[in-house]
Amino acid sequence: MELRIRNLSKTYPNGVRALRDVTLTAGSGIFGLLGPNGAGKSTLMRILATLQEADAGTVFLDDLDVLREKDAVRHLLGYLPQEFGLYPKVAAWRLLDHFAELKGIGNRAGRRAVVDMLLHQTNLWDARNQRLGTFSGGMKQRFGIAQALIGDPKLVIVDEPTAGLDPEERSRFHNLLSEIGERVVVILSTHIVSDVADLCPAMAIIHQGSVVASGAPGELAERLEGRIWQTSASRADVPGYQESLPVISMRLAAGRTLIRVFSPTCPGPEFTAAAPDVEDVYFSTVHAPEPATC
Ligand code: ADP
């Protein structure tokens, strides 16, 4: 299966241009769509999920015209929106059973088999009789994936699924997604760089409605080879570096600040060359610092 998005644009009635000529191709596996808040990710996800109209452009899932054949797409689609409400007093298995019925699995025994399988797959079997209101953030997200997987979708869209999860829940959610990604096209939208770096064989960065980079994370990082420099600075020196150099990230390490700079040449004798990573790709693309001159 292949999802092909071509020249997709969307402007809201208030004049905000949420998507500008977006062109992307995603094969099976998890495709990471990375971008800051307001970049246009949810708008793109909602258009792919047939919940919103585009102004221009095309989207095809193999031969299926996603923008026109909405009913057919809905049969192939699993969608985990950024925010979704759950009935807090209903037991997990009962709501899943209800969603399965809504998705057209009329036969009770058939539904039971699907619901049981999904509860096991998302590691919620032991909590199946628990009310949804008692679920942790991670459990809710896994429940969201369980409902998205009803009906064996071929395209799964997950919008910012790991925001607010603790590291253990995130890692559990990552494992679940990568298992799903072995079988179907998964589009993962996130502003968390490590979600994409850990999970996605292919990615794109979206900024102010435009795709500003796309490719394999490793290849995108390689393109920065020789242009990422780092040094460890004391707290007092940090503002000086920020004023004079294109700093792309700062991280505390052992009480000092590790500063990474984007520059075609070595910015100073205290800097050493660093191996570029996806975070460098993201920050150098989204914040687009001016190259330093020595
Ligand atoms: P992201 O998911 O990357 O945070 P969104 O797609 O939610 O980005 O938003 C992209 C831009 O479109 C933002 O500037 C946002 O304020 C605007 N926007 C989103 N939804 C609407 C809407 N329904 N009406 C008007 N503007 C909107």
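Heavy-atom basis, side chains included; hydrogens, waters and symmetry copies ignored. Remember, predicted model here, so these are calculated numbers, not experimental data.
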So do [Y] and [X] actually touch side chain to side chain, heavy atoms under 4.5 Å?
X: K140; Y: L132; answer: no
X: I206; Y: L34; answer: no
X: F271; Y: V261; answer: yes
X: D62; Y: L3; answer: no
X: P153; Y: L76; answer: no
X: I187; Y: V158; answer: no
X: Q121; Y: L176; answer: yes
X: I5; Y: L48; answer: yes

Checking side-chain polar atoms at under 3.5 Å, does [X] have a donor or acceptor matched by the opposite partner on [Y]?
X: R20; Y: T11; result: no
X: Q230; Y: T272; result: no
X: S9; Y: D55; result: no
X: Y79; Y: Q147; result: no

What is the distance from atom [atom1] of [X] to atom [atom2] of [Y], rounded to the nearest 0.5 Å?
X: S178; Y: I30; atom1: OG; atom2: CD1; answer: 5.5 Å
X: L188; Y: K41; atom1: CG; atom2: NZ; answer: 10.5 Å
X: F60; Y: T25; atom1: CZ; atom2: OG1; answer: 12.5 Å
X: K103; Y: D152; atom1: NZ; atom2: CG; answer: 10.0 Å

Problem - Non-neighbouring partners of R4 that pass salt bridge (Lys or Arg N to Asp or Glu O under 4.0 Å), sequence neighbours left out - result: E2
Practice task
Name all residues meeting the salt bridge (Lys or Arg N to Asp or Glu O under 4.0 Å) criterion together with D280; count only those two or more places apart in sequence or in a different chain, and write none if there are none.
Solution key: R260
Are [X] and [Y] in one and the same hydrophobic cluster, where Ile, Leu, Val, Met, Phe, Trp and Tyr link if side-chain heavy atoms are under 4.5 Å apart?
X: L95; Y: V115; result: yes
X: I248; Y: I205; result: yes
X: L80; Y: L51; result: no
X: L61; Y: I157; result: yes
X: I47; Y: L155; result: yes

Practice task
Evaluate the criterion side-chain contact (heavy atoms from CB on, under 4.5 Å) for residue pair M203 and S214; output intermediate values, then yes/no.
Solution key: CA-CA 6 Å; M203 66 175 283; S214 67; over 6 Å; no
Practice task
Quick one: list whatever passes side-chain contact (heavy atoms from CB on, under 4.5 Å) with P36, sequence neighbours left out.
Solution key: A39, H207, Y282, V286
Just by distance, do the side chain of [X] and the backbone of [Y] share a donor-acceptor pair under 3.5 Å?
X: R68; Y: L64; result: no
X: T134; Y: Q130; result: no
X: S263; Y: C266; result: no
X: R142; Y: N123; result: yes
X: R17; Y: G209; result: no
X: Q141; Y: P161; result: yes
X: S28; Y: V185; result: no

Problem - Short N-O contact, K10 and E53, less than 4.0 angstrom - result: no
Exercise for the section: Indicate yes or no: does D166 engage R170 in a salt bridge with an N to O separation below 4.0 Å. Expected result: no
Practice task
Evaluate the salt bridge (Lys or Arg N to Asp or Glu O under 4.0 Å) criterion for residues E101 and R108: first the C-alpha distance (whole Å), next the side-chain angles of each, then the deciding distance (0.1 Å), finally the verdict.
Solution key: CA-CA 9 Å; E101 199 170 2; R108 187 183 289 257; over 6 Å; no
Handout entry: F262/V247 under side-chain contact (heavy atoms from CB on, under 4.5 Å): CA gap, chis, key distance, verdict
Key = CA-CA 7 Å; F262 175 72; V247 172; over 6 Å; no
Other residues, nucleotides, ligands: >12 heavy atoms within 6.0 Å of [X] [atom1]:
X: E219; atom1: CD; answer: no
X: D63; atom1: CG; answer: no
X: R131; atom1: CZ; answer: no

Exercise for the section: Could you check L33 against T190 for side-chain contact (heavy atoms from CB on, under 4.5 Å), going step by step and ending with a plain yes or no? Expected result: CA-CA 6 Å; L33 186 69; T190 182; over 6 Å; no
Fill in the blank from the handout: Residues passing the side chain to side chain donor-acceptor pair (under 3.5 Å) test with D97, sequence neighbours excluded, are R111
Practice task
For the pair T23 and R6, evaluate side-chain hydrogen bond (donor to acceptor under 3.5 Å, both in side chains) and give the outcome as yes or no after the intermediate values.
Solution key: CA-CA 4 Å; T23 290; R6 296 289 176 269; 5.4 Å; no
Practice task
Could you go through the side-chain hydrogen bond (donor to acceptor under 3.5 Å, both in side chains) check for R256 and S232 one step at a time?
Solution key: CA-CA 6 Å; R256 288 175 67 82; S232 152; 2.8 Å; yes
Completion exercise
So ring-ring contact (aromatic ring centres under 6.0 Å, His included) across residues 121-161, not counting sequence neighbours, yields H120-W125
Practice task
Keeping to residues at least two apart or across chains, list the ring-ring contact (aromatic ring centres under 6.0 Å, His included) pairs with something in residues 86-114.
Solution key: none
Handout entry: Audit row: S42, D159, side-chain hydrogen bond (donor to acceptor under 3.5 Å, both in side chains) steps and yes/no
Key = CA-CA 7 Å; S42 293; D159 197 357; 2.8 Å; yes
Practice task
Could you go through the side-chain contact (heavy atoms from CB on, under 4.5 Å) check for S210 and D21 one step at a time?
Solution key: CA-CA 7 Å; S210 300; D21 220 16; over 6 Å; no
Practice task
Of all the heavy-atom pairs spanning T285 and A213, show the shortest one and how long it is.
Solution key: CG2-CB, 4.3 Å
